[in-house]
Amino acid sequence: MPFRPQFSWDFLPYEEIEARTLRALKNHIDFLKQNSEYYRDHLADIDSSDITCLNDIHMIPFTEKDVLATEFAKFRVASDENVIETVVTSGSTGIPLLFPLTATDLDRLTYNESLSFYSAGVSARDKAQIMVSMDRLFIAGMAYYRGLTALGANTSRLGVLTPEMQRHYIEMMRPTILVGVPSYLVKLGEHLKQAGLTPADLSVQKIFCIGEPIRTEEMKLTSTAETIERLFGAHVYSTYASTEIASTFCDCLERSGGHSHPELAYVEILDTNGDPVPDGTIGELVITPFGVEGLPLLRYKTGDLTFKIPGECACGRHSMRIGPILSRKSQLLKFKGTTLYPMTITNVLDSMPEVVDYIIELKGREGAPSEEIFIHAAVKPLLVSQIMSKVQAAARVNVPVLVSNPATIKTMRGDTTKKIRLIDNRARS
Ligand SMILES: [Zn+2]
């Protein structure tokens with residue numbers, strides 16, 4: 001039977017969502033104190049009865065990424081016989097963390113993604129192609145597959161194929177939905193164009209972009225996202241999640257920010273002191289996912305910077321919306337007296353077709369007042385001043401541009417097929 005969002009809190013009055021969230025939070029604290037070795041120790045001084053309103057959450061300590069990595073075994077709750085799937089995520093130390101999922105966790109994952117796609121108008125009438133890895137212990141492809149099929153959409157697990165093979169399947173299957181990584185989608189769209197196909201020849205209506213933001217701080221589409229829309233003649237939708245947070249933020253049909261699912265997670269956006277920031281102000285995303293059995297977390301600091309979209313969404317949902325992930329907190333740069341998001345630079349370079357390839361390199365010492373940033377760009381030397389002035393206009397600061405070539409940039413990127421745009425060679429104290 002197709003998915004019906006009967007458990008969704010999206011359209012409840014704000015006060016009702018808040019009251020239910022408070023109950024869920026208190027239940028979550030009780031669950032962790034009873035079942036989690038890590039939280040039993042760290043919540044010893046806190047009782048759920050101490051939490052009388054959502055603002056009281058400040059009494060609860062955060063869960064830091066590095067602590068999750070170093071004390072990983074203590075966070076696991078599910079017993080071996082209850083775990084039915086294991087997925088991997090890279091911890092802050094670079095050591096892969098194996099996340100256990102129970103049957104309930106998988107059902108929860110399905111509900112989470114179904115609700116996201118449902119909000120974006122996906123239905124049983126759609127044909128979807130998933131163009132991200134479906135194996136190698138990654139959760140994302142499986143999550144999309146489960147969400148789309150639960151809605152009744154005819155879903156094909158293509159994975160990451162060559163653009164030629166992808167074109168073949170697009171022409172044969174006529175999908176209405178694509179799910180993929182923006183930089184790959186550009187490559188695919190350009191291939192389709194070179195093959196003589198025009199957007200009007202394609203059936204694609206919606207493209208769900210993962211892994212990279214498709215909007216700027218001003219909520220305008222990035223140049224990459226604009227290119228995707230032009231190449232496919234379709235709308236792009238943002239979707240963001242991670243293994244740890246076990247909840248998705250996805251654009252609804254209004255495409256004005258990623259809706260949270262309040263029944264699945266409590267969302268905070270906090271400043272560097274750990275205090276809430278006003279709506280529209282950038283801060284760190286901190287998530288408390290509810291109802292996770294395998295490896296539940298409390299006030300997990302994602303290290304991702306974003307902001308809450310003020311006001312109510314035109315779709316009528318009362319769930320919180322967030323803007324794009326503007327940067328990892330660790331990649332927020334202090335440069336010549338200003339704060340700089342790497343995305344400000346990548347957006348400029350992505351909009352210049354003359355730039356064959358590029359990589360931004362961070363040098364110097366991490367956290368030093370004036371960090372060293374270089375743009376290595378595969379371009380003709382004549383274009384350097386043009387790039388510098390465009391970056392200057394966007395970032396209000398001069399960033400040095402070094403002429404490079406695709407082979408050197410490929411070597412700098414290392415052994416990866418991902419289009420890494422930034423490498424961090426800063427010294428750490
Ligand atoms: Zn909405």
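Side chains included, hydrogens not; waters and symmetry mates left out as well; all remaining heavy atoms used.
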Next on the checklist: Considering only residues two or more places apart or on different chains, which pairs with a residue in residues 124-135 satisfy salt bridge (Lys or Arg N to Asp or Glu O under 4.0 Å)?
Outcome noted: none
Checklist entry - Residues in side chain to side chain donor-acceptor pair (under 3.5 Å) with Q194, at least two apart? => result none
Item to check | Distance flag, aromatic centroids of F99 and F72, threshold under 6.0 Å | outcome: yes
Item to check | Qualifying side chain to side chain donor-acceptor pair (under 3.5 Å) pairs with a residue from residues 279-289, counting only residues at least two apart or across chains | outcome: E284-K329
Next on the checklist: Using the salt bridge (charged side-chain N to carboxylate O under 4.0 Å, His left out) criterion, which residues pair with R108? Sequence neighbours excluded.
Outcome noted: none
Checklist entry - For E268, which residues count as a side chain to side chain donor-acceptor pair (under 3.5 Å) partner, sequence neighbours excluded? => result R299
Checklist outcome for this item: Across all chains, not counting sequence neighbours, the side chain to side chain donor-acceptor pair (under 3.5 Å) partners of H191 are R167
Checklist outcome for this item: Residue set satisfying side chain to side chain contact (heavy atoms under 4.5 Å, CB included) with I309, at least two apart, ordered chain then number -> M219, F307, R321
Next on the checklist: Enumerate the side chain to side chain donor-acceptor pair (under 3.5 Å) contacts for residues 397-411, please, sequence neighbours excluded, ordered by first and then second residue.
Outcome noted: N405-T408
Checklist outcome for this item: The side chain to side chain contact (heavy atoms under 4.5 Å, CB included) partners of R40 (sequence neighbours excluded) come to none
Checklist entry - Between R426 and K363, what is the shortest heavy-atom contact and its length? => result CG-O, 3.2 Å
Item to check | Partners meeting side chain to side chain donor-acceptor pair (under 3.5 Å) with T63 (sequence neighbours left out) | outcome: Y39
Please tabulate, one pair per line, all N/O donor-acceptor pairs under 3.5 Å involving side-chain atoms of residues 180-188, not counting sequence neighbours.
| unit_1 | atom_1 | unit_2 | atom_2 | d |
| --- | --- | --- | --- | --- |
| S183 | OG | E212 | OE2 | 3.0 |
| Y184 | OH | L161 | O | 2.8 |
| Y184 | OH | Q166 | OE1 | 2.7 |

Next on the checklist: Let me confirm one number: the CD1-OG1 distance from I84 to T102, rounded to the nearest 0.5 Å.
Outcome noted: 7.0 Å
Anything under 3.5 Å between a donor and an acceptor, one on a side chain of residues 376-391, the other on a protein residue two or more places apart or in another chain? List them.
| unit_1 | atom_1 | unit_2 | atom_2 | d |
| --- | --- | --- | --- | --- |
| H376 | NE2 | E361 | OE1 | 2.8 |
| S389 | OG | S385 | O | 3.3 |
| S389 | OG | Q386 | O | 3.1 |

